[in-house]
2 protein chains.
Amino acid sequence: MPRPASARDRVLTAYEDLLIESGERGATLDAVAARAGVSKGGLLYHFGSKDALVEGFIARLMDLTEEDIDIMLAAPEGVVDYIIRTSVNEGTAFDRALIAAARLAQTADPRAGVALASIHDRWLDVVTQVVGDATVARAIVLISDGLYYNSALMGMGATEPNDPTDERLDRLLEVIARLGAASRP
Amino acid sequence: MPRPASARDRVLTAYEDLLIESGERGATLDAVAARAGVSKGGLLYHFGSKDALVEGFIARLMDLTEEDIDIMLAAPEGVVDYIIRTSVNEGTAFDRALIAAARLAQTADPRAGVALASIHDRWLDVVTQVVGDATVARAIVLISDGLYYNSALMGMGATEPNDPTDERLDRLLEVIARLGAASRP
DNA sequence: TTGACTATACCGACTGGACGGTATAGTAGC
DNA sequence: GCTACTATACCGTCCAGTCGGTATAGTCAA
């Protein structure tokens, strides 16, 4: 690990930003380098190929996933509330990484698909633990997936607002409570 | 319109297949033409540009959507059962078109994302009509979205089976019934 | 303390291949 | 003779990856 808040990290963030804003096609090495404020050569010094860049991005995503699960388990409002409310916008570093991964998965990069599937499974485990019923947990995680993917894929075409305090989410959570979900762990 | 599966249709289907199998990057004009068994010149005779091909694909998707909604409304097992069970595999022409659209969404052009959003809205309308409650309908459509996008994005990484008669879907539908959804119109 | 050498971090011109699109000449069937 | 193609060649652009070079800091030995 090099000392300063490094070029390597800036490159990863630039890649993520470009995936979100312009899709996989727009996230070229030149564009990523420019965004990160390094030259193309500099980028390729840190990541020897585009493939290695994808690998690095996914590794960071998996780290953020573990962090987010810790936060989720400690959330004062409960796991279910947390997972549904944070399924909706692009605010946190984790949200952004997830949306970027969804963009990557669209282009059939199997690694992004596998990463997404494993994140989904982690959530399912945690929610199952909390609500006690595997099928109820599955329904909840699917709703979360639906919210995520809608914001990931529909972009400007979306009808869903991206506000985690939206009262429509309150109502959605009330309906979810009917499934038998404990709203607190 | 000529008699058998016309070259035009074959081109559209080949494009769809390639989107599903190889993503947007793999669906090049050369690859689509080869898959459809026409020459590149032949493809460009029918669709003057890749843009026109996308347009043609989306037009067919929207036709299939209207057909599917008619089928859904007439489904003997009810709208909710139908929408959840058919959210899961790549069997029908409509399913395949939807998965392909998810691959295309927001990659280069917002049209696929807009189309997806409008299909989502049509479903929401229909389900709201049937179950009577907008929030319950939203939860159901989100579960359907979750199932769809999981099969669209996770590909080989998926843990979800793609079998509409899977008993896990039966259990999921039982849980959804607790939301207050009428399982028949 | 200075000069030789090494490692790390980065630059940017260039190459080669892929891809969208154009063009043109020709063919089979109605 | 028109529609619906096939076949092939070619062009310009974009893009991943290569390569030679530069800058800086640190090591070490004479």
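Lettering follows sequence order; numbering is per chain, from 1.
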How many Å lie between CG on Asp30(A) and P on dT18(D), as a whole number?
14 Å

Just how far, in rounded Å, is C1' of dA16(D) from OH of Tyr15(A)?
13 Å

Tell me the interatomic distance from Phe47(B), atom CZ, to dT22(C), atom P, rounded to whole angstroms.
16 Å

Between P on dA4(D) and CG on Asp9(B), what's the gap in Å once rounded to a whole number?
14 Å

From the list dG21(C), dA16(D), dA9(C), which nucleotide is the closest neighbour of the side chain of Lys40(A)?
dA16(D)

DNA chain D: Leu43(B) or Leu29(A), which has the more 5' nearest nucleotide?
Leu43(B)

At 4.0 Å (heavy atoms only), tell me whether Leu44(B) reaches a base, stays on the sugar-phosphate, or touches nothing.
base

Any donor-acceptor pair under 3.5 Å linking the side chain of Ser151(B) with the backbone of Tyr148(B)?
yes

Per nearest nucleotide of DNA chain D, the residue lying toward the 5' end, Arg25(B) or His46(B), is His46(B)

Take atom CD of Gln129(A) as the centre, draw a 6.0 Å sphere, and report whether it contains more than 12 heavy atoms from other residues, nucleotides or ligands.
no

May I ask you to say what Gly37(B) touches in the nucleic acid, namely base, sugar-phosphate or nothing, with a heavy-atom cut-off under 4.0 Å?
sugar-phosphate

Okay, side chain of Ser118(A), backbone of Ala115(A): is any donor-acceptor separation there less than 3.5 Å?
yes

Between dG20(C) atom C1' and Asp51(B) atom CG, what is the distance in whole Å?
11 Å

Nucleotide nearest Tyr45(B) when distance is taken to its side chain, options dG21(C), dT8(C), dT3(D):
dT3(D)

Closest to the side chain of Ser39(B), out of dC10(C), dT6(D), dG17(D), is dT6(D)

Quickly work out the Leu53(A) CG to dC15(D) P distance and round it to whole Å.
15 Å

Given dG17(D), dT6(D), dC11(C), the nucleotide with the shortest approach to the side chain of Val38(A):
dC11(C)

Quick test of your reading of the model: are Asp68(A) and Arg122(A) salt-bridged, counting only N-O distances below 4.0 Å?
no

Passing candidate, salt bridge (charged side-chain N to carboxylate O under 4.0 Å, His left out) with Asp17(A), options Arg103(A), Arg96(A), Arg10(A)
Arg96(A)

